[in-house]
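Everything numeric here is computed off the predicted structure, so don't read it as measured data. Each chain gets a letter, A, B and so on, in the order the sequences are listed, and its residues count up from 1.
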Amino acid sequence: MSGYVSGWYDYPNGDVCLAFWKDGERCIERIPFEWYFYLTNDEFEKVRGSVYFRQLVERVKEVDGGKHVRIFSSSRRDDRREFIEFLREDGCEPLEADVSPLMRYMTDVGRSIEFEENLKILFYDLETDPRPGFENLERQRILSVAFNGIDRKTKCIDADSDDDRGEGDLLEQFLEVVEQHDLLVAWNGEKFDDVVLKARCKRIGLNPDWRMINFLDFMQLFKHPYFGYGRDAENKGVKVSYALGNIAQNLLGKKKVEGVPGHMMHKMWRTNRKLVRKYNKVDVDLMVELEDVYGYIDALKILSHMSNRFVSQWVLKVGYLNDAFILRYGSEHGIRFPTKMRAFYEDHNKSVDKFQGAYVMEPVEGMHDEVFCLDFASLYPNVIRSFNISPETKIGHRENAPGFCEAFHCEASNGVVFDMTEEGVFPAIVAMTMERRAKYKKLAAELKDAGKERTVDFRRARQRSDANKLSGNGAYGCLGSPWLRYYDRDCAEAVTLTSQEITRDVIISLAESTGIQVLYSDTDSVYLRCSMKQAEEFVELAADAIDEFVRSRGGIPGFIRLEIDDEYVRVIYLAKKRYVGLKKSGVIDVKGLEYIRTDGCRIERKLQEEIIDYVLHAQKPAAQKAERIAEDWRDRIYDKEVDVEDLTIAKSVSRHPKTYKSANVHVRVAQSLIDRGREFYVGMKIPYVVTGKKDDKLDAVHADDFDGEFDVDYYWQKKVWPPAERVLEAVFPNHDWKQLGRARNDSQCSLFG
DNA sequence: CCCCTGAGGAAATTCG
DNA sequence: CGAATTTCCTCA
């Protein structure tokens with residue numbers, strides 16, 4: 001029996017449609033399904049007599065042991081919106097009314113449908129005529145398409161002519177291929193290929209049923225913090241660009257292939273079609289190879305199926321992922337959640353009140369030897385479990401919730417009281433994901449020990465472990481997001497403030513009273529200046545102190561535990577969230593510094609790296625030696641012994657350049673790209689080199705237009721030296737570093753020459 | 001068919 | 001000109 005590959009709702013017929021393959025043919029299973037939302041029984045009684053209600057409702061059904069009523073009505077989006085508005089005017093909160101018919105079905109009926117393991121994946125890449133510009137993608141004619149699908153062969157179709165006939169032939173041929181697949185994967189497809197493909201088909205008069213196909217923007221997987229390639233430490237600092245060629249260069253060790261620039265595509269297509277085909281195919285091959293090596297689509301499949309959803313990049317959104325779990329859990333336990341605020345109100349843009357987050361201690365600035373890092377494993381999820389924090393277990397603030405009873409209630413650090421008699425939805429979901437994660441983590445470790453690290457089983461076990469970690473960690477964030485249905489400021493702050501109290505008033509206080517110096521603490525970690533023996537003893541003491549605290553507030557002890565994370569030979573703290581340490585293992589751990597940031601330039605990172613390397617490893621670092629390292633780099637800059645890659649700074653343009661209040665230099669460079677009709681997307685990283693100042697603002701050229709001229713003083717004084725200086729200031733607080741920060745003047749230099 | 005959070009440093013730009 | 005605001009990216 002083959003599994004389902006895609007699903008959608010056929011509105012006119014009122015059917016859930018699930019597609020699967022049989023004997024090489026795509027089949028559709030139709031399941032009649034009426035859409036509904038919920039009301040509590042009380043609210044139903046309040047509105048059932050009203051005129052609008054009787055007009056809009058089709059039928060009702062009591063469920064959840066009389067707690068809720070299912071309201072069946074038109075599933076048309078506008079009708080749904082109208083119904084919700086009427087109800088809200090009457091002070092009623094419709095429950096889960098934003099849940100679409102397909103999701104409703106997958107939540108209540110097809111709670112664990114069988115998904116097809118072997119999805120037919122088609123990687124593809126379009127080349128278009130760029131002349132209408134990037135603001136008019138739908139008018140860019142498709143000149144060539146390269147693809148690699150079930151036959152695993154990379155092919156290319158190109159247009160014979162740049163008119164409707166040529167493009168129409170191309171699309172007809174390509175759609176025949178598309179129809180043999182379930183998932184279309186393109187690099188940046190969300191903003192380019194998928195958009196253009198759909199728009200051009202429509203324009204030419206081809207109307208395939210896109211609902212059968214799922215789309216995936218491959219780039220999104222590589223950008224994602226858990227799946228993405230920033231996840232691995234060795235890839236930090238190279239995230240300068242998410243261009244496919246650059247990713248492949250870094251991850252697959254490929255030689256950089258200079259493709260045909262987008263703005264030259266039409267000309268190239270006319271004069272050298274063979275070359276267009278070649279480069280177009282290269283990109284598809286790279287995607288195929290990346291998936292072979294990294295298996296991110298495999299991981300995404302696991303995440304999707306875990307939450308009972310078809311494969312799509314939406315499960316990367318923590319809100320979507322948790323929604324799937326929570327709706328299903330609620331459905332099984334008779335708990336229904338509010339309608340998502342934003343779902344029907346696009347213009348809703350009011351500012352929401354922020355709540356307090358984590359505690360970050362001011363570090364003891366400078367260099368320290370023999371340091372232990374202790375941390376809580378999954379602090380927030382465990383606080384949620386210990387205090388049964390969940391929207392439906394919340395009783396209210398202590399002052400508004402009289403009758404606090406130690407036997408049945410607990411109180412979080414923000415004074416909010418929770419019912420302890422029944423496990424809440426959030427604690428239950430968090431517990432589930434933590435248990436599953438532990439299970440798969442153990443399995444992965446066993447497989448690794450058995451030498452099966454390269455098997456499919458191992459990869460799956462690790463992916464399942466990661467997927468559960470992602471979901472569990474996101475639970476707290478969901479409580480704090482006003483856009484989501486279970487938003488509850490009190491719950492979110494209960495988590496953060498209780499964690500603050502545990503870290504600051506239980507752990508840090510305990511260390512201080514034990515005579516151990518606390519150097520730094522951020523959220524769920526503490527850095528202690530102590531010996532191994534002291535650290536081990538402290539962990540024991542901490543467990544008792546935490547349990548005592550939790551018990552005193554009426555919570556469940558035993559979940560929150562402090563562990564030894566790592567031992568450092570030496571740590572240097574510069575500021576909150578900025579430090580660097582040398583682990584006993586020899587690994588250097590850099591946090592927050594320019595060295596690992598992606599928005600600086602290479603010489604900036606290089607100098608800081610050399611300085612860090614020196615001061616961490618030298619028994620007793622000497623200022624003079626550090627000075628020499630810095631002088632060497634200063635000379636290289638002033639003597640222009642640097643190339644474009646040393647100088648290129650790349651920053652993201654997070655929205656359209658026209659909408660900035662304060663347009664930094666990279667935004668101005670982006671605008672110039674737009675003005676010249678070059679490729680530009682919101683979210684793109686713009687590489688540039690600073691050339692000087694103009695109107696009191698930085699002036700720069702796009703890295704591609706670099707001609708050897710750059711602002712030497714800017715690079716040394718503003719860009720490269722300050723990050724190094726901050727490290728040196730921390731290590732040598734009494735040394736005067738001012739002289740090095742000055743511009744090198746050539747007459748002074750000649751004295752040494 | 002989708003917004004996970006707040007805390008925080010540093011630099012560029014704009015404001016008063 | 002210094003203060004305030006905006007922006008980006010990181011830590012947790």
Side-chain angles (χ1 to χ4, degrees), chain A residues 6-9 77 98-104 106 190 211 214-215 220 225 230 236 239 309-310 312-324 340-343 346 348-349 352 354-362 375-376 378-380 470-484 486-487 489 491-493 495-497 499-500 503 520-525 574-579 590-600 649-655 660-668 685-686 690 693 695-698 700 714 718-719 722-723 726:
Chain A
S6 60
W8 64 93
Y9 192 65
R77 212 183 140 86
D98 60 291
V99 177
S100 72
L102 179 65
M103 294 308 146
R104 189 75 270 165
M106 309 250 301
E190 191 180 25
R211 296 176 305 181
N214 289 314
F215 289 87
Q220 297 304 322
K236 279 202 169 179
K239 288 188 289 184
R309 295 291 184 258
F310 286 104
S312 78
Q313 67 208 49
W314 289 311
V315 288
L316 294 177
K317 304 277 182 186
V318 173
Y320 183 87
L321 178 67
N322 274 275
D323 211 29
K340 223 184 281 186
M341 260 169 69
R342 185 67 181 266
E346 294 302 327
H348 182 274
N349 212 6
V352 279
K354 294 262 182 186
F355 58 89
Q356 282 188 68
Y359 168 66
V360 185
M361 180 185 140
E362 193 63 55
D375 72 345
F376 296 102
S378 306
L379 179 60
Y380 284 7
L470 173 66
S471 158
N473 286 349
Y476 143 76
C478 291
L479 285 172
S481 173
W483 314 117
L484 303 181
Y486 20 77
Y487 168 64
R489 202 178 171 278
C491 288
E493 213 164 45
V495 176
T496 54
L497 292 187
S499 300
Q500 275 207 23
T503 305
Y520 180 56
S521 168
D522 184 349
T523 314
D524 59 359
S525 67
L574 309 192
K576 286 179 176 179
K577 300 198 186 274
R578 311 189 112 231
Y579 59 94
V590 186
K591 301 286 181 179
L593 300 195
E594 288 73 11
Y595 170 61
I596 53 159
R597 285 182 68 106
T598 55
D599 57 350
I649 302 164
K651 285 188 184 163
S652 303
V653 176
S654 61
R655 47 182 192 274
Y660 276 81
K661 283 182 186 169
S662 176
N664 285 339
V665 64
H666 70 293
V667 178
R668 295 194 292 274
K685 283 204 162 206
I686 306 289
V690 174
K693 277 216 159 194
D695 304 331
D696 235 32
K697 284 185 278 193
L698 286 181
Y714 168 81
K718 297 281 185 190
K719 203 74 203 158
R726 284 190 287 270

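For A/R578, whose side chain is taken as the heavy atoms from C-beta onward, the closest listed nucleotide among B/dA10, C/dT6, B/dT13 is B/dA10. The side chain of A/V665 approaches B/dT13 more closely than any other nucleotide in the set C/dC9, B/dA11, B/dT13. Taking every side-chain heavy atom of A/S481 into account, B/dC4 is the closest of B/dC4, B/dA10, C/dT10. Listed nucleotides B/dA11, C/dT10, B/dG8 differ in distance to A/P722; the shortest reach to its side chain belongs to B/dA11. Out of B/dA7, C/dT7, C/dC9, the shortest distance to the side chain of A/S652 is found at C/dC9. Closest contact between the side chain of A/Y660 and the listed nucleotides C/dT7, C/dA12, B/dA7 involves C/dT7. With C/dT6, B/dA7, C/dC9 as the candidates, the nucleotide lying closest to the side chain of A/K685 is C/dC9. Of the candidate nucleotides B/dA12, C/dC8, B/dT5, B/dA12 has the atom lying nearest to any side-chain atom of A/L698. In the set B/dT14, B/dA7, C/dC8, the nucleotide with an atom closest to the side chain of A/V360 is B/dA7.
Rounded to whole Å, the distance from CG on A/N664 to P on C/dT5 is 17 Å. The distance from atom OH of A/Y487 to atom C1' of B/dC4 is 13 Å, rounded to the nearest whole Å.
Within the nucleic acid shown, A/F310 has no heavy atom closer than 4.0 Å to any nucleic acid atom. Looking at heavy-atom distances under 4.0 Å, A/A358 makes contact with sugar-phosphate atoms alone, never a base. Among the heavy atoms of the strands, none lies under 4.0 Å from A/F376. Using a 4.0 Å heavy-atom criterion, one finds that A/Y359 contacts no nucleic acid atom at all. The residue A/R655 sits close only to the backbone: its heavy atoms come under 4.0 Å of sugar-phosphate atoms, none of a base. Here A/Y579 lies in heavy-atom contact (under 4.0 Å) with sugar-phosphate atoms only. Counting any heavy atom pair closer than 4.0 Å across all strands shown, A/L574 reaches no nucleic acid atom. Residue A/K576 is in sugar-phosphate contact alone, with no base atom involved, counting any heavy-atom pair closer than 4.0 Å across all strands shown. A/T496 comes within 4.0 angstrom of nothing in the nucleic acid, heavy atoms only. Counting non-hydrogen atoms under 4.0 angstrom, A/Q356 reaches the backbone sugars and phosphates but no base. Looking at heavy-atom distances under 4.0 Å, A/R668 makes contact with sugar-phosphate atoms alone, never a base. Within 4.0 Å (heavy atoms only), A/R726 reaches sugar-phosphate atoms of the nucleic acid but no base atom. Counting non-hydrogen atoms under 4.0 angstrom, A/G480 reaches the backbone sugars and phosphates but no base.
Rounded to whole Å, the C1' atom of C/dA12 lies 13 Å from the corresponding atom of B/dC4.
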